[in-house]
Amino acid sequence: METFNTLVVAWIGIGLATFLALVVFRIRAPYGRHARKGWGRMIDNHWGWFWMELPALIIMPVLSLIGPSAKTPTLLLLTGLWVLHYAYRTLVFPFQLRTKGKKMPISIVLSAIFFNLVNGFLNGYFLGWLAPSAGSVFSIHASIGLVLFFGGAYINQRADRKLIGLRKNGNGYQVPKGWLFTYISCPNHFGEIIEWAGFALIAWNLPALSFALWTFFNLVPRSLNHHAWYREHFPEYPKGRKAVIPYILI
Ligand code: NDP
C-alpha cells in the first residue's frame with residue numbers, strides 16, 4: 001500500500017508539472033481546433049478518439065472485478081459509473097463527431113493511451129486489490145459525489161452534443177450560444193471536471209483523487225486555449241464569457 005500511495009503521489013506531481021508547463025508555455029495540444037502540422041504521422045480523428053479511450057474502458061473494470069477485494073456495492077457502483085462514462089467516450093462520442101477528413105497526430109493518441117493505461121491501472125488495481133472495504137455508498141460525501149457525478153456527466157454530454165450540432169449543415173466553427181455557453185466557453189470541460197470530482201468523493205481514495213486532479217490539470221489549460229482561440233477568431237466574441245468556471249476563470 002505504501003509503495004502504491006507513493007506512486008500515486010508521484011503521478012499527481014507529474015500532473016501538476018504538466019499543468020504548469022501547459023499554462024506557462026501556453027502549449028496547445030494539437031488536436032481538434034488546435035490541430036497543426038509538425039507533430040508526426042496522423043490518424044483519422046474518429047478512430048483516434050476510439051483508440052485513445054479504449055484502454056480506460058477495459059483496464060479499470062477488468063482489474064477491479066478480477067481482484068480478490070470483496071465486491072461491495074461501492075466497488076460495483078464505482079466500476080459501473082466508470083464504464084458508463086468510458087462507454088460513452090469510446091463508443092458513442094467519437095462516432096457522433098461530424099467533422100470530415102479531420103486528423104489528429106498519432107503522438108497525441110499514444111500519449112492519451114499511456115495516460116489511460118496508468119489512470120485505469122491505478123483506479124482498478126486499488127479497488128480490486130487494495131481497497132479495504134471501499135467505503136459506504138450511503139455516506140454524506142458519497143451522496144454529494146453521486147449528485148456531482150451525474151450532474152457533471154449531464155453537462156458534459158449535453159455540451160458535447162451542442163458543439164457537435166453546430167456542424168449540422170456542414171458549417172465551420174461558430175460562436176456557441178445559450179445555456180451554459182452564456183457564461184463559459186467550455187461547458188463540456190466544466191462538466192467533466194465536476195464529474196470526476198464527484199467520482200473522487202464517492203470513491204474517497206487517493207487514485208480517484210489523482211484522476212480528479214488530472215482532469216483539472218488537463219482540461220483547464222485546454223479550456224484556456226479554446227477560449228483564447230475563440231477570441232482570436234471571432235472579434236465579436238462575448239466579452240463577459242469566461243473560459244471554464246462561470247464568473248471566475250479568465
Ligand atoms: P471540443 O469542444 O474542442 O470539440 C468537440 C467537438 O465539437 C469537435 O467535433 C469539434 O470540432 C466540435 N466543435 C467544438 N466547438 C465548435 C464550434 N465552436 N463550432 C463548430 N464545431 C465545434 O472538445 P475537446 O476535444 O476539447 O474535448 C472533447 C471531449 O473530451 C470533452 O467532453 C472533454 O471534456 C473530453 N476530454 C477529456 C479530457 C480529460 O482529461 N478527461 C481531455 C480532453 C478532452 P473540431 O474537432 O473540428 O474542433
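None of the values given here were measured: they were computed from a predicted structure. Both ligands and their constituent atoms are indexed starting at 1 by order of listing.
Looking at Phe93, Tyr173, Phe190, it is Tyr173 that brings a heavy atom closest to atom 45 (P) of ligand 1. By heavy-atom distance, the residue among His189, Arg89, Gln96 lying nearest atom 32 (O) of ligand 1 is Arg89. Between Leu219, Ile155, Leu163, it is Leu163 that holds the heavy atom closest to atom 22 (C) of ligand 1. Among Met52, His226, Glu53, the residue whose heavy atom sits closest to atom 1 (P) of ligand 1 is His226. Counting only non-hydrogen atoms, the option in Arg161, Arg167, Glu192 that gets closest to atom 34 (O) of ligand 1 is Glu192.
Ring planes of Phe115 and Trp214: tilted class, angle from 30 to 60°. Using cut-offs of 30° and 60° on the angle between ring planes, the pair Phe50 and Trp47 is perpendicular.
At least one heavy atom of Tyr31 sits under 4.0 Å from some atom of ligand 1. Between Trp196 and ligand 1 there is no heavy-atom distance shorter than 4.0 Å. Contact annotation: Arg98 has no heavy atom less than 4.0 Å from any atom of ligand 1. In this structure, Trp214 does not count as a contact residue of ligand 1, since none of its heavy atoms falls inside 4.0 Å of the ligand.
When hydrogens are left out, the protein atom nearest atom 15 (N) of ligand 1 is Arg33 NH2, 2.8 Å; that is the closest non-hydrogen contact. Looking at atom 19 (N) of ligand 1, its nearest protein heavy atom turns out to be Gln174 N, 3.1 Å. Looking only at heavy atoms of the protein, atom 23 (O) of ligand 1 is closest to Asn188 ND2, 3.6 Å. The protein heavy atom nearest to atom 8 (C) of ligand 1 is Leu97 CD2, 3.9 Å. The protein heavy atom nearest to atom 26 (O) of ligand 1 is Arg222 NE, 2.7 Å.
Across Asp44 and His46, no two heavy atoms sit closer than the pair OD2-N, 3.1 Å. Between Leu127 and Met60, the shortest heavy-atom contact is CD1-CE, 3.7 Å.
Residue Trp49 approaches ligand 1 through these ligand atoms, each under 4.0 Å from one of its heavy atoms: 25 (O), 28 (C), 30 (O), 44 (C). Counting atoms of ligand 1 from 1 in the listed order, those under 4.0 Å from a heavy atom of Asp160 are 29 (C), 31 (C), 32 (O). Using a 4.0 Å cut-off to heavy atoms of Asn218, the atoms of ligand 1 that qualify are 40 (O). The distance from ligand 1 to the heavy atoms of Gly32 drops below 4.0 Å at these ligand atoms: 46 (O), 48 (O).
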Practice prompt. Might you work through the side-chain contact (heavy atoms from CB on, under 4.5 Å) test for Glu53 and Asn116, ending with a clear yes or no?
Written response: CA-CA 7 Å; Glu53 306 297 330; Asn116 280 323; 3.6 Å; yes
Worksheet entry | Worked verdict on Trp196 versus Phe149 for side-chain contact (heavy atoms from CB on, under 4.5 Å) | CA-CA 7 Å; Trp196 294 110; Phe149 183 90; 4.2 Å; yes
Item to complete: Any chance you could lay out the salt bridge (charged side-chain N to carboxylate O under 4.0 Å, His left out) test for Asp160 and Arg89, step after step, and finish with the verdict?
Response: CA-CA 10 Å; Asp160 276 347; Arg89 184 65 73 222; 3.1 Å; yes
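Ring-centre distance between Tyr237 and Trp229: not below the 6.0 Å cut-off. The aromatic ring centroids of Tyr247 and Tyr183 lie less than 6.0 Å from each other. Taking the six-membered ring for Trp, Trp11 and Phe211 have ring centres at least 6.0 Å apart.
Closer than 4.0 Å to atom 4 (O) of ligand 1 lies none of the heavy atoms of the protein.
Residue-to-ligand polar distances keep Thr99 apart from ligand 1: every N/O pair is separated by 3.5 Å or more. Ligand 1 has an N or O atom lying under 3.5 Å from an N or O atom of Tyr230, backbone or side chain. Considering backbone and side-chain atoms alike, Asn45 places every N or O at 3.5 Å or more from each N or O of ligand 1.
The number of heavy-atom neighbours closer than 6.0 Å to CD1 of Ile140, taken from other residues, nucleotides and ligands shown, is 12 or below.
A cation-pi arrangement, defined by a distance under 6.0 Å to the six-membered ring centre and an angle within 45 degrees of its axis, is present between Arg167 and Tyr173. In this structure, Arg36 fails the cation-pi test against Tyr31, since its NZ or CZ atom is not both closer than 6.0 Å to the six-membered ring centre and inside 45 degrees of the ring normal.
Contacts of Val175 with ligand 1, taken as heavy-atom pairs under 4.0 Å, are absent altogether.
Salt-bridge formation is not detected for the pair Glu236/Lys177: no Lys NZ or Arg NE/NH1/NH2 atom is positioned less than 4.0 Å from an Asp or Glu carboxylate oxygen.
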